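Treat the numbers as computed from the prediction; the structure is a model and nothing was measured. Residue numbers start from 1 in every chain, and the chains themselves are labelled A, B, ... in the order their sequence lines are given, proteins ahead of strands.
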Number of protein chains: 2
Amino acid sequence: MSSDDGYERLRAAILAGDFQPNERLIEADLIESLGVSRAAVRTALVRLAHEGLVEHERNRGAKVRLVQVEEAIEIMQARALLEALAAREAAVRASDAEVHELRQILAELRRLLDAGDLVGCSTAGATLHARILEIARHATAARLVSSLNSQMVRFQYRTILVPGRAARSLSEHTAVVEAIAARAPAAAEAAMRLHLDHVTEALRSSVASQPRAVAS
Amino acid sequence: MSSDDGYERLRAAILAGDFQPNERLIEADLIESLGVSRAAVRTALVRLAHEGLVEHERNRGAKVRLVQVEEAIEIMQARALLEALAAREAAVRASDAEVHELRQILAELRRLLDAGDLVGCSTAGATLHARILEIARHATAARLVSSLNSQMVRFQYRTILVPGRAARSLSEHTAVVEAIAARAPAAAEAAMRLHLDHVTEALRSSVASQPRAVAS
DNA sequence: AGCGCGAGGATCGTCAACAATCGCTGCCGC
DNA sequence: GCGGCAGCGATTGTTGACGATCCTCGCGCT
């Protein structure tokens, strides 16, 4: 049981940003901080390496992987397609209760935007996306997106800070939800793709204006 | 070094179909057949489990995972989107030499079709897709598609056997290559997506007419 | 005969010690 | 003073043995 536990906790720690970018992950230290056996630490590192969260060099150990901006853009492109697929499926499969739930998240999003809580907006937006992925009942897309998302933590609050982005994001989200509510698969797919293409653009421009958010 | 080697060879063996579906993978046997240490076998199994090629239950060991038809269709849907993205990027990035190479593969494909070599067609088609992914220089899409492909081995020769599919496949492939040659990103993306959506349909229909290809 | 149950074998998970490798530091020769 | 090399500490990779868990088979009871 300790093996899965160690993996989960180490993953959470990396995602929470408890380590510096490129910081070495020394097995002995992890044994202490996680309180699990060395074998468990090693399997956790293998899994995280396969997931792309850490880099593993033979005889030189593991370090947390720093995904570059170009790669983040690639990831966003892939995410856009997969989430557009999910939106399409969601438009086919959503129950009335699920549509209601999406509208509630949208209302919360509007409230947060009025209150000027940009970080809250970002979090609620993530909730909306996650919920649509669940409604789509598309295990493959869900798995791939979740894996891609975990590599993007470093950029998660980046795009919402672009001036005017939050408001546009809300209207795009609204379009997606309304297309799902109207049971219009093609419209839902197009709306979601448009939304995420805009996010990608926001990421590009935020990078151009402010090249490094994290110092070493 | 033995650890990576063991992973590669076990992966190749599973992809080659050396194991029965749902066959248990017993560590002791793998140590013998692969000639690597037990730790290496264990890490290989962890990686393969994360990759979706084997299923791992605690205290009950690993077995090769049998992907169901519904999941194969999900995988094809995701592949369609990602390869369409790759085709778009390839249309932007392809050099003249690379376009020439794609046309050569196409010619080979035509030759094989005329000769009635359907399996050869399938293989050459896979080569074409792989080459387009390389030309796109999109590491994220390439990684995801490669992972998805490895889970589809069981179905790889399934769609080409649908009557008339091979000929249609050739004309669709031609459309993709010509769009790339014309440096037309949108057309390339659309053509690739159309092609793979047709493959998905062929998979669906082949399943309906012939539900089980592999007996236990 | 059918069913519950315990013993045994098979297999996996964990641990501690050992071997191999890497990076660094300090020494030596030029 | 500087470059190269040997030795050393730190860290990872590997091995073998031990304990834990699960499945199966056979026994006894009803």
Exercise. Base, sugar-phosphate, or nothing: which does B:A39 touch, judged by heavy atoms less than 4.0 Å apart?
Worked result: base

Seminar exercise, completed: Atom CZ of B:R38 and atom P of D:dA17 are separated, to the nearest Å, by 12 Å

Exercise. Counting only heavy atoms not in B:E32, do more than 12 sit closer than 6.0 Å to its CD atom?
Worked result: no

Exercise. Out of curiosity, A:H173 NE2 to A:M192 CE, how far, rounded to the nearest 0.5 Å?
Worked result: 6.5 Å

For this session: Could you state the atom-to-atom distance from CD1 of A:I31 to P of D:dT11 in whole Å?
Result: 12 Å

For this session: Report the distance from atom CD of B:E57 to atom C1' of C:dG13, rounded to the nearest whole Å.
Result: 15 Å

Exercise. With sequence neighbours excluded, what pairs up with B:H50 under the side chain to side chain donor-acceptor pair (under 3.5 Å) test?
Worked result: none

Exercise. From C:dC12, D:dT12, D:dC22, pick the nucleotide closest to the side chain of B:R60?
Worked result: D:dC22

Exercise. How close do B:V67 and B:R154 get, heavy atom to heavy atom, and via which atoms?
Worked result: O-NH2, 3.0 Å

Exercise. Would you say the side chains of A:H195 and A:E83 form a donor-acceptor pair under 3.5 Å?
Worked result: no

Exercise. Between B:E74 and B:R79, is the closest basic N to carboxylate O distance under 4.0 Å?
Worked result: no

Problem set entry | Test log, rule salt bridge (Lys or Arg N to Asp or Glu O under 4.0 Å), inputs A:E101 and A:R131 | CA-CA 9 Å; A:E101 195 185 341; A:R131 202 67 194 88; 2.7 Å; yes

Exercise. Can a side chain N or O of B:R58 be found less than 4.0 Å away from OP1 or OP2 on C:dT11?
Worked result: no

Problem set entry | Axis deviation across the helix from C:dA1-D:dT30 to C:dC30-D:dG1, five-pair ends, to the nearest 10° | 10°

For this session: Output the single nucleotide from D:dT11, D:dG13, C:dC12 whose closest atom is nearest the side chain of A:N59.
Result: D:dG13

Exercise. According to a strict under-4.0 Å criterion, is A:H56 in side-chain N/O contact with OP1 or OP2 of D:dT11?
Worked result: no

Exercise. How many Å lie between CZ on A:R42 and P on C:dT14, as a whole number?
Worked result: 14 Å

Exercise. Could you state the CD-C1' distance from A:E27 to C:dC22, rounded to the nearest angstrom?
Worked result: 14 Å

For this session: Remember a base hit wins even if backbone is also touched, and classify A:L25 as base, sugar-phosphate or nothing at under 4.0 Å, heavy atoms.
Result: sugar-phosphate

Exercise. In whole angstrom, what separates B:I26's CD1 from D:dC22's C1'?
Worked result: 13 Å

For this session: Provide, to the nearest angstrom, the distance between the CG atom belonging to A:L45 and the P atom belonging to D:dT11.
Result: 14 Å

Exercise. Between C:dC12 atom P and B:K63 atom NZ, what is the distance in whole Å?
Worked result: 13 Å

For this session: Select one nucleotide: of C:dT14, D:dT12, C:dG13, the one nearest the side-chain heavy atoms of A:S37.
Result: C:dT14

